[in-house]
K.L.:
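First, the structure itself, so that you have it in front of you.
Every chain is numbered from 1, with letters handed out A, B, ... down the list of sequences. Just so we're clear, the structure is a prediction, and the values are computed from it rather than from any experiment.
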Amino acid sequence: MIYMQEEMKSAVVEAIRALYEVEVHSDAIQLSATRKDFDGDQTILVFPLVRHVKMNPEALANQLGTYLKEHVKIIHDFNAVKGFLNVVFGEDYWTGLLQWVDERPDYGYKPKNGRRALIEYSSPNTNKPLHLGHIRNILLGAAMVRLFESQGYEVIPTQIINDRGIAICKSMLAWKKLGGGRLPKEEDPEMKGDHFVGKYYVLFDQAFKEEYMKWQTSDEALQIIRDRKVEDQADFFKKFKNEYFNRHSLLGREAIEMLQQWERGDLKVRALWQQMNSWVLDGIAHTYKRLGADFQKNYYESEVYSIGKALVVKGLESGVFYRQEDGSVWADLEDIGMDKKIVLRSDGTSVYITQDLGTASLRYDDFKAERFIYVVADEQEYHFKVLFELLKRLGEPYADGLHHLSYGMVELPDGKMKSREGTVVDADDLMDDVVSLARAESKDRGEVESLSSEEQKTLYEMIGMGALKYFILKVNAKKRMVFNPADSVDLQGQTGPYIQNAFVRIKSMLRKDTDAVTTGEWKRYSQLQQVEKDILVLLKEYPTVLSTATAEYNPSLLAGYLYQLAKAFHKFYHDVRILSAETPEAKAFRLKLAVNVASVLQSGMGILGIDMPDRM
RNA sequence: GGCUCCGUAGCUCAGCUGGAUAGAGCAACUGACUUCUAAUCAGUAGGUCGCAGGUUCGAAUCCUGCCGGAGUCACCA
């Protein structure tokens, strides 16, 4: 039976051999679903074959069609239009296809292949809560974890927690000065720990800005302006901000001092740091749960930020790196059109890329994974290009399995989100908004009044989060996406709830009648409608969709597919009667079909991290 | 300036390893719930696929140039 494209292709290859004694490779055979305006189920493109068999396309299509009709059991008819050979399958093909799908447990999944993939995503900072940008990162990362699992990989989801540096010191300092020793729940019982710490981060920045504004009219500032012959003052002060923080600011000095105390291991500073980090991580854990993020292993920047030095030594020995007179260590990548890159400062401390070199090596020691996938925004493309090149030159054994899943930043209608300027869409707020939207919509519809309030709450969460997750994941990751907070996330049309609704309709039917599903009666159905064939064609594609989405690191392919399937089902549901079908065979067949649609929808949405409700 | 990515309907996006008349959703307008859940279905309207060349039997898709937008080219992370 021909259910996979490869089998169809080899049938065509054989036909060419028999008819013309010509060998063509199966790659030369192009297949596609027949367009709606033409008769037929599958179309074979004859144009590419014309080169091998010197004939005009239409004549070739006709001879090929005649041969296939005679020799391939399931092909019952054909027609040829120009170079397009449309073949028509018999009824047995369709029932056979349904059986083929139905019989497979874990349909679409490949068996375990014994290979390991490590996926890093999320990577939060511990000085503020997550925002919409993190949501995209997390949803993509979590979906990739499940996609790789579907392909037989053992996956290790991991995150690196950016828990050190000047930013967290700012929050610490502000809390120390302004917090009055209050704990998160004391200040506001409703506020999560990450928001609490984030609040102090913002307070620091406000205080710093005030200080800076005041300083701008001081004698010291005026002196600098005179010395540097500044023309545009506003522009100068904008650019001077960093230098001011490092050299002139009182607050800046305090924060820097705190960072130095942290580096020295000052007990009091470390204790405060631990405290604030744990508040943030507690808060973020909540957000993770709702987003479906889960990590097998956390790496902390505070523990790994200097471990790359061993690789630097290795690179110096093998000549990948060189040392300058000032003591700094560099890699020269100009031979492949990239720049020189510093890997160790003149004072011997690490830079960002040194840490990444180190963690790569550490992770390999920890897990011996052969694939390393980094889910990181596209602004870091160059960084990863350099990183991967360096690891390759260092001869690391996993260097060929590295991949940067680069995704576009989420933008607001008026530009990029900037946390300092307060133009961020907070992750928790957004999730709450979408869930209450789902609640309001559901209340209007009144379908679930019989459920307990606890069940209803779970349901609203499923629908709201389903809408949000689908909204983000349906867009190709590599494209930057525009999110307008003023337009709420849709619940109708190409959305998560639309797909959930298809599932709910099926579950609702099955509550009324399951007997027909368990018998084999459906195999006798023979009056297939186009809407039923459309669904079967889609069901057949599911395994291919999973493997392509994985290979291309692109969950949006799966999201698009699931919409197609749900759409085909909604049309089917509308056009034909199922429980009250014309014949018992028809009823059994349609229910069997629906059950398989439900299971593929649930499986696919599950990979996207979206739960499916039984009613809505 | 170098490199990378993007430009498709009013908006948000599919389609891009070349194939038949470029597709969805939203928004607008029309119709379909006494019949399996209308978060649904059917329809109308909406397009110089950024522009100009080239390759090809055939280009939204591949190549070149240009225009517009974003990112990056830190002893920041």
K.L.:
At under 4.0 Å between heavy atoms, what does E381(A) touch on the DNA or RNA strands: base, sugar-phosphate, or nothing?
P.N.:
sugar-phosphate
K.L.:
Which residues satisfy the salt bridge (charged side-chain N to carboxylate O under 4.0 Å, His left out) test with D194(A), sequence neighbours excluded?
P.N.:
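Checked D194(A) against salt bridge (charged side-chain N to carboxylate O under 4.0 Å, His left out); matches are K192(A).
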K.L.:
Can a salt bridge be assigned to the pair D513(A) and K587(A) using a cut-off of 4.0 Å between side-chain N and carboxylate O?
P.N.:
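Yes, charged N to carboxylate O under 4.0 Å.
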K.L.:
Applying side-chain contact (heavy atoms from CB on, under 4.5 Å), name anything that partners A61(A), two or more places apart in sequence or on another chain.
P.N.:
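Scan of A61(A) (side-chain contact (heavy atoms from CB on, under 4.5 Å), adjacent residues dropped) gives V46(A), A80(A), L85(A).
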K.L.:
Please tell me if R35(A) has a side-chain N or O lying less than 4.0 Å from either OP1 or OP2 of A20(B).
P.N.:
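For A20(B), OP1/OP2 do have a side-chain N/O of R35(A) under 4.0 Å.
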K.L.:
Indicate, with a heavy-atom threshold strictly under 4.0 Å, whether T43(A) touches base, sugar-phosphate, or nothing.
P.N.:
base
K.L.:
Say you pick atom C1' in C41(B) and the same atom in C36(B); how far apart are they, in whole Å?
P.N.:
15 Å
K.L.:
For M616(A) and A38(B), give me the distance from atom CE to atom C1', rounded to whole Å.
P.N.:
12 Å
K.L.:
So, does Y498(A) get its side chain near the phosphate of C41(B), meaning an N or O under 4.0 Å from OP1 or OP2?
P.N.:
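Yes.
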K.L.:
Please state how far atom NE2 in H404(A) lies from atom C1' in G71(B), giving the value in whole angstrom units.
P.N.:
12 Å
K.L.:
Parallel, tilted or perpendicular, judged at 30° and 60°: which one describes the rings of F208(A) and F204(A)?
P.N.:
parallel
K.L.:
Write down the distance between CZ (R51(A)) and P (G18(B)), rounded to a whole number of angstrom.
P.N.:
12 Å
K.L.:
When all nucleic acid strands are considered with a 4.0 Å heavy-atom cut-off, which category describes N56(A): base, sugar-phosphate, or nothing?
P.N.:
nothing
K.L.:
Quote, to the nearest angstrom, the P distance that separates A9(B) from G23(B).
P.N.:
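The same atom, P, in both gives a distance of 14 Å.
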K.L.:
For G54(B) and G1(B), measure between their C1' atoms and round to the nearest Å.
P.N.:
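28 Å, rounded to whole Å.
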K.L.:
Classify the nucleic acid contact of K82(A) as base, sugar-phosphate or nothing, counting any heavy atom under 4.0 Å across all strands shown.
P.N.:
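Counting heavy atoms under 4.0 Å across all strands, no contact is made by K82(A).
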K.L.:
Take the protein atom CG of D490(A) and the nucleotide atom P of U40(B), then report the distance between them rounded to whole Å.
P.N.:
10 Å
K.L.:
Would the number of heavy atoms belonging to other residues, nucleotides or ligands and lying under 6.0 Å from CG of N298(A) be above 12?
P.N.:
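For N298(A), atom CG is crowded (more than 12 foreign heavy atoms under 6.0 Å).
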K.L.:
Quick one: stems for RNA chain B, with Watson-Crick or G-U pairs under 3.5 Å, at least three in a row?
P.N.:
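So far as stems of 3 or more pairs are concerned, RNA chain B shows B:1-7 with B:67-73, B:10-13 with B:23-26, B:28-32 with B:40-44, B:50-54 with B:62-66.
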K.L.:
Write down the distance separating the P atoms in G65(B) and C26(B), rounded off to the nearest Å.
P.N.:
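Comparing P positions in G65(B) and C26(B) gives a spacing of 41 Å.
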K.L.:
Side-chain N or O of R505(A) less than 4.0 angstrom from OP1 or OP2 on A38(B)?
P.N.:
yes
K.L.:
Treating primed atoms plus P, OP1 and OP2 as sugar-phosphate and everything else as base, which nucleotides of nucleotides 7-17 of chain B get B, S or - for protein heavy atoms under 4.0 Å?
P.N.:
S----SSSS--
K.L.:
What is the distance from CG of N501(A) to P of U37(B), rounded to the nearest Å?
P.N.:
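Whole-Å distance recorded here is 11 Å.
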K.L.:
How far does the C1' atom of A59(B) sit from the matching atom of C51(B), given to the nearest Å?
P.N.:
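The answer is 16 Å between these two C1' atoms.
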K.L.:
Side chain of K478(A): nearest nucleotide among C5(B), C26(B), U37(B)?
P.N.:
C5(B)
K.L.:
Taking G15(B) as the reference, what is the distance to C6(B) when you measure between their C1' atoms (whole Å, please)?
P.N.:
16 Å
K.L.:
Can you list everything that forms a side-chain contact (heavy atoms from CB on, under 4.5 Å) with D378(A)? Sequence neighbours excluded, please.
P.N.:
E381(A), S406(A), M409(A)
K.L.:
Is the CZ atom of R51(A) crowded by more than 12 outside heavy atoms at less than 6.0 Å?
P.N.:
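No, not enclosed.
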K.L.:
Would you measure the distance from the P atom in C66(B) across to the matching atom in A28(B) and give it in whole Å?
P.N.:
43 Å
K.L.:
Between U37(B), C36(B), A42(B), which nucleotide gets closest to the side-chain atoms of K571(A)?
P.N.:
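Of the candidates, A42(B) comes closest.
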K.L.:
Taking only N/O atoms, report every protein-nucleotides 56-65 of chain B pair under 3.5 Å with atom names and distance.
P.N.:
none

K.L.:
For T495(A), answer base if it contacts any base atom (sugar-phosphate contacts may also be present), sugar-phosphate if it contacts only those atoms, and nothing otherwise; contact means non-hydrogen atoms under 4.0 Å.
P.N.:
nothing
K.L.:
Tell me yes or no: between the side chains of D339(A) and Y382(A), is some donor less than 3.5 Å from an acceptor?
P.N.:
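The criterion, which ignores hydrogens and geometry beyond distance, is satisfied for Y382(A) and D339(A).
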K.L.:
Taking only distance into account, with no hydrogens and no angle test, what donor-acceptor pairs under 3.5 Å do side-chain atoms of residues 571-580 of chain A form with protein atoms, sequence neighbours excluded?
P.N.:
{"residue": "K571(A)", "atom": "NZ", "partner": "D575(A)", "partner atom": "OD2", "Å": "3.1"}
{"residue": "R577(A)", "atom": "NH1", "partner": "S580(A)", "partner atom": "O", "Å": "3.2"}

K.L.:
In whole Å, I'd like the distance from the NE2 atom of H570(A) to the P atom of A38(B).
P.N.:
10 Å
K.L.:
Is any side-chain N of the basic residue among R164(A) and E263(A) closer than 4.0 Å to the acidic one's carboxylate O?
P.N.:
yes
K.L.:
For E582(A), is there an ion pair with R590(A) - N to carboxylate O distance below 4.0 angstrom?
P.N.:
yes
K.L.:
Using the glycosidic torsion, which applies to C29(B): syn (within 90° of 0) or anti (everything else)?
P.N.:
anti
K.L.:
List in chain and number order the residues that pass side-chain contact (heavy atoms from CB on, under 4.5 Å) with H403(A), two or more places apart in sequence or in another chain; answer none if no residue qualifies.
P.N.:
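With sequence neighbours excluded, H403(A) shows a side-chain contact (heavy atoms from CB on, under 4.5 Å) to I373(A), L405(A), Y553(A), given in chain and number order.
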K.L.:
Are Y352(A) and Q380(A) close enough that a side-chain donor and a side-chain acceptor fall under 3.5 Å?
P.N.:
yes
K.L.:
Under the rule for side-chain contact (heavy atoms from CB on, under 4.5 Å), what residues qualify as partners of A360(A), not counting sequence neighbours?
P.N.:
Y374(A), L391(A), Y398(A)
K.L.:
Using a strict cut-off of less than 4.0 Å between a Lys/Arg side-chain nitrogen and an Asp/Glu carboxylate oxygen, indicate whether E120(A) and R363(A) qualify as a salt bridge.
P.N.:
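Between R363(A) and E120(A) there is a salt bridge, with a charged N closer than 4.0 Å to a carboxylate O.
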K.L.:
How many Å lie between CZ on R590(A) and P on C36(B), as a whole number?
P.N.:
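Atom-to-atom, R590(A) to C36(B), this comes out as 16 Å.
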K.L.:
What nucleotide among A20(B), G25(B), G19(B) has an atom nearest to a side-chain atom of V81(A)?
P.N.:
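From the listed options, A20(B) comes nearest.
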K.L.:
Using atom P of each nucleotide, how far apart are G19(B) and G31(B) to the nearest Å?
P.N.:
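Going atom to atom, P in each nucleotide, I get 40 Å.
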K.L.:
Starting from the 5' end of RNA chain B, give me the residue, L85(A) or L491(A), whose nearest nucleotide shows up first.
P.N.:
L85(A)
K.L.:
Using the aromatic ring of Y563(A) (for Trp, its six-membered ring), decide whether it stacks on the base of A24(B) within the limits of 5.5 Å and 30°.
P.N.:
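Answer is no, no stack.
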K.L.:
Could you tell me the separation between the CG atom of D575(A) and the C1' atom of C36(B), rounded to a whole number of Å?
P.N.:
14 Å
K.L.:
For each nucleotide in nucleotides 72-77 of chain B, reading 5' to 3', give B when a protein heavy atom comes within less than 4.0 Å of its base, S when such contact involves only the sugar-phosphate, and - otherwise.
P.N.:
SS-BSB
K.L.:
So what does V576(A) hit on the nucleic acid, given a heavy-atom distance under 4.0 Å: a base, only sugar-phosphate, or nothing?
P.N.:
base
K.L.:
Below 3.5 Å, can you tabulate the donor-acceptor pairs from side chains in residues 495-503 of chain A to any protein atom, sequence neighbours excluded?
P.N.:
{"residue": "T495(A)", "atom": "OG1", "partner": "L491(A)", "partner atom": "O", "Å": "3.4"}
{"residue": "T495(A)", "atom": "OG1", "partner": "G493(A)", "partner atom": "O", "Å": "3.4"}
{"residue": "T495(A)", "atom": "OG1", "partner": "Y498(A)", "partner atom": "N", "Å": "3.2"}
{"residue": "Q500(A)", "atom": "NE2", "partner": "M462(A)", "partner atom": "O", "Å": "3.1"}
{"residue": "Q500(A)", "atom": "NE2", "partner": "D611(A)", "partner atom": "O", "Å": "2.9"}

K.L.:
Return each pair, listed once, that meets ring pair (Phe, Tyr, Trp, His ring centres under 6.0 Å) where at least one residue sits in residues 471-496 of chain A; pairs must be two or more places apart or across chains.
P.N.:
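Checked against ring pair (Phe, Tyr, Trp, His ring centres under 6.0 Å) - neighbours excluded - the pairs reaching residues 471-496 of chain A are F471(A)-F483(A).
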K.L.:
By nearest heavy atom, map E411(A) and I499(A) onto RNA chain B; which one lands nearer the 5' end?
P.N.:
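Going by which nucleotide is closer to the 5' end, it is I499(A).
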